[in-house]
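Accompanying notes for the structure given below.
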Amino acid sequence: MEKKTDRVIITVVGKDTVGIIAKVCTYLANNRINVLDISQTIVQEFFNMMMIADIADSNKPFDECSREIAQIGEEIGVNIKCQREEIFNKMHRI
């Protein structure tokens with residue numbers, strides 16, 4: 001049986017605009033979600049970011065954080081998904 005972790009994978013994809021990283025990281029900091037690793041690229045005008053974060057100390061449950069961060073994405077015109085690490089790994093297994 002696989003051990004449940006408090007790590008999540010956050011992906012952000014969309015047209016590049018000013019403040020995407022700031023909005024996402026501000027939300028994470030305000031909710032005590034620690035960024036463990038981050039990778040970000042811009043290909044022509046398209047922004048792509050992947051983060052691994054720890055939600056163990058968050059003051060909100062995972063489902064609420066996932067909904068709220070997706071809503072931030074809608075507000076700024078990008079697609080933001082937050083998935084538990086174990087689900088992400090199972091979906092991307094070859």
Side-chain angles (χ1 to χ4, degrees):
M1 187 164 157
E2 214 172 285
K3 182 182 157 225
K4 184 178 171 192
T5 68
D6 291 317
R7 289 170 30 144
V8 295
I9 308 299
I10 300 168
T11 56
V12 183
V13 178
K15 196 109 159 124
D16 187 34
T17 59
V18 174
I20 296 171
I21 297 171
K23 287 270 191 184
V24 173
C25 289
T26 297
Y27 175 84
L28 297 177
N30 288 343
N31 289 283
R32 301 181 44 84
I33 299 171
N34 187 37
V35 175
L36 303 173
D37 200 356
I38 184 171
S39 173
Q40 171 251 280
T41 58
I42 299 171
V43 178
Q44 293 187 16
E45 71 271 10
F46 296 98
F47 179 87
N48 187 347
M49 180 169 67
M50 182 173 173
M51 306 170 96
I52 300 172
D54 185 345
I55 62 170
D57 294 330
S58 178
N59 51 4
K60 293 181 181 175
F62 167 78
D63 292 339
E64 186 175 347
C65 289
S66 183
R67 276 191 309 275
E68 290 177 351
I69 204 160
Q71 178 62 41
I72 290 170
E74 288 178 26
E75 291 168 8
I76 61 175
V78 296
N79 185 350
I80 303 178
K81 292 190 191 248
C82 182
Q83 296 177 294
R84 291 196 177 275
E85 181 183 45
E86 61 268 18
I87 301 299
F88 183 87
N89 287 338
K90 285 181 181 179
M91 287 177 51
H92 293 89
R93 194 175 288 163
I94 296 177

Checklist entry - If you round to the nearest 0.5 Å, how far is CD1 of I9 from CD1 of I52? => result 4.5 Å
Item to check | Taking every non-hydrogen atom, the tightest pair across G14 and V78 | outcome: CA-CG1, 4.0 Å
Checklist entry - Between V24 and I42, is there a shared hydrophobic cluster once you connect ILVMFWY residues whose side-chain heavy atoms come closer than 4.5 Å? => result yes
Item to check | Spacing of CG belonging to N79 relative to CG belonging to N48, to within rounding of 0.5 Å | outcome: 10.5 Å
Next on the checklist: Under 6.0 Å from the ring centre and within 45 degrees of the ring axis: does the NZ or CZ of K15 meet both conditions for the six-membered ring of F47?
Outcome noted: no
Checklist entry - Where do N30 and N59 come nearest, in terms of heavy atoms and distance? => result O-ND2, 4.0 Å
Next on the checklist: Please check this pair: side chain of D54 against backbone of A56, looking for a donor-acceptor N/O pair closer than 3.5 Å.
Outcome noted: yes
Checklist entry - Are F62 and V8 close enough, and set up right, to give a side chain to side chain contact (heavy atoms under 4.5 Å, CB included), and what steps lead you there? => result CA-CA 9 Å; F62 167 78; V8 295; 3.7 Å; yes
Checklist entry - Do V35 and Y27 belong together in a cluster built from hydrophobic side chains that touch within less than 4.5 Å? => result yes
Checklist entry - Hey, what do you get for OG (S66) to CD (Q83), rounding to the nearest 0.5 Å? => result 8.5 Å
Next on the checklist: So, taking the atom named CE in M51 and the one named CD1 in I69, what distance separates them when rounded to the nearest 0.5 Å?
Outcome noted: 7.5 Å
Item to check | Hydrophobic cluster membership, L36 vs L28, 4.5 Å side-chain cutoff | outcome: no
Item to check | E68 and K60: CA distance, side-chain angles, deciding distance, salt bridge (charged side-chain N to carboxylate O under 4.0 Å, His left out) verdict | outcome: CA-CA 10 Å; E68 290 177 351; K60 293 181 181 175; 2.7 Å; yes
Item to check | Flag side-chain contact, heavy atom, 4.5 Å: I10 against K81 | outcome: no
Item to check | I55 to I33 - nearest heavy-atom pair and separation | outcome: CG2-CG2, 3.9 Å
Checklist outcome for this item: Here the pair of heavy atoms bringing C65 nearest to S58 is SG-OG, 3.7 Å
Next on the checklist: Is there a path of hydrophobic side-chain contacts, each under 4.5 Å between heavy atoms, that joins I38 and V12?
Outcome noted: yes
Checklist entry - Counting distance only, does the side-chain N/O of T26 pair as donor-acceptor with the main-chain N or O of A22 below 3.5 Å? => result yes
Checklist entry - Are I76 and M50 connected, step by step, through hydrophobic side chains (Ile, Leu, Val, Met, Phe, Trp, Tyr) whose heavy atoms are closer than 4.5 Å? => result no
